[in-house]
Amino acid sequence: TLLFLLQILPFIGLLIPILWTDDISILLRALDEASTTFQNSILYSLGGALISVGLGLILVLSVGRMKNLRSFFLVGLLSCFSIPSFLSSLGMIHLGTLTPAFMDWLTRRRFSVVLILGLKFFPVASLILFYGYLKSPRIWAEQAAVSSMTLHYFLIKVLQFQIPQHIGMV
């Protein structure tokens with residue numbers, strides 16, 4: 001019932017004036033605006049998720065073996081998550097006013113919104129990936145470190161089956 005009250009009733013309230021009109025162009029325009037909004041929402045959410053999971057995966061794989069760095073980055077991630085979300089938007093606006101006109105494609109387009117979303121949810125994705133990485137058996141990482149196994153070889157031979165599960169958790 002809560003879903004009905006919060007989402008379906010306002011949607012019906014928006015549809016009633018559109019459906020009672022005799023002009024089909026209003027209905028077509030409303031459908032066009034809704035599809036554009038849907039496409040933008042999918043683009044922003046997928047782009048932000050790719051950036052946050054990609055950066056989180058790089059961080060976890062780089063820092064996951066070292067105990068001192070791991071605790072340092074966990075504290076840093078928790079403090080980054082406590083920063084208000086409007087600060088990154090204000091920072092991007094300030095950056096957009098400082099950059100020259102030929103950099104508008106970087107600071108005033110969809111990419112900047114996707115980047116801000118990805119950086120905002122980067123701590124969350126990293127913490128979840130850290131949790132998944134730390135749940136993997138420690139003996140694998142210890143044996144790899146003792147045998148001087150490179151990170152590349154460790155990823156290919158040992159963690160290739162666990163990384164998709166960790167990304168799926170995010």
Side-chain angles (χ1 to χ4, degrees), residues 3 6-7 34-170:
L3 175 71
L6 292 177
Q7 297 210 348
S35 69
T36 303
T37 304
F38 181 73
Q39 290 171 359
N40 287 339
S41 299
I42 294 294
L43 172 78
Y44 294 148
S45 61
L46 284 179
L50 286 175
I51 288 176
S52 63
V53 170
L55 290 175
L57 190 61
I58 290 170
L59 178 71
V60 167
L61 293 177
S62 301
V63 177
R65 287 186 180 185
M66 296 167 257
K67 194 173 197 175
N68 295 336
L69 278 179
R70 193 171 48 220
S71 61
F72 175 74
F73 275 102
L74 287 175
V75 169
L77 288 172
L78 288 174
S79 62
C80 285
F81 187 66
S82 66
I83 295 172
S85 59
F86 67 84
L87 284 179
S88 59
S89 301
L90 289 176
M92 186 58 81
I93 291 170
H94 181 67
L95 185 67
T97 59
L98 293 178
T99 56
F102 69 88
M103 295 293 288
D104 280 351
W105 64 272
L106 184 63
T107 58
R108 297 182 184 168
R109 300 278 188 242
R110 291 180 177 168
F111 176 74
S112 61
V113 177
V114 168
L115 183 66
I116 288 172
L117 286 173
L119 291 177
K120 178 60 185 165
F121 291 108
F122 163 66
V124 176
S126 297
L127 289 173
I128 294 172
L129 287 169
F130 263 121
Y131 174 74
Y133 184 80
L134 294 177
K135 276 187 69 173
S136 66
R138 286 193 181 267
I139 192 74
W140 292 354
E142 290 171 2
Q143 286 177 351
V146 167
S147 64
S148 301
M149 186 182 294
T150 64
L151 180 62
H152 184 296
Y153 190 77
F154 182 70
L155 291 176
I156 291 174
K157 295 295 181 184
V158 178
L159 290 182
Q160 70 176 343
F161 300 111
Q162 282 194 331
I163 288 176
Q165 294 171 359
H166 301 333
I167 291 174
M169 282 189 341
V170 175

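Throughout, residue positions are numbered sequentially from 1 according to the sequence presented.
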Using side-chain contact (heavy atoms from CB on, under 4.5 Å) as the criterion, point out the one residue from Leu115, Leu119, Leu87 that pairs with Met92. Leu115
Residue pair Leu57 / Leu129: nearest heavy atoms and the distance that separates them: N-CD1, 3.5 Å
Point-to-point distance, once rounded to the nearest 0.5 Å, from OG1 of Thr37 to CD1 of Ile42: 11.5 Å
Once rounded to the nearest 0.5 Å, what's the spacing between atom CZ of Phe122 and atom CD1 of Ile58? 9.0 Å
Min side-chain heavy-atom separation Val124-Ser52 under 4.5 Å: no
When rounded to the nearest 0.5 angstrom, what distance separates SG in Cys80 from CG in Leu78? 9.5 Å
On a heavy-atom basis, which atom in Ser82 and which in Ser79 lie closest, and how many Å separate them? OG-O, 2.7 Å
Does any non-hydrogen side-chain atom of Arg110 lie less than 4.5 Å from one of Asn40? yes
For Ser112 and Thr107, work out which heavy atoms get closest and say how close. OG-O, 3.5 Å
Nearest 0.5 Å please: distance from the CZ atom of Arg70 over to the CG atom of Leu59. 11.5 Å
To the nearest 0.5 Å, what is the distance between CD1 (Ile116) and CD1 (Ile93)? 7.5 Å
Nearest-0.5 Å distance that lies between atom CZ in Phe81 and atom CZ in Phe121: 7.5 Å
Side-chain heavy-atom pair Phe130, Leu77 within 4.5 angstrom cut-off: yes
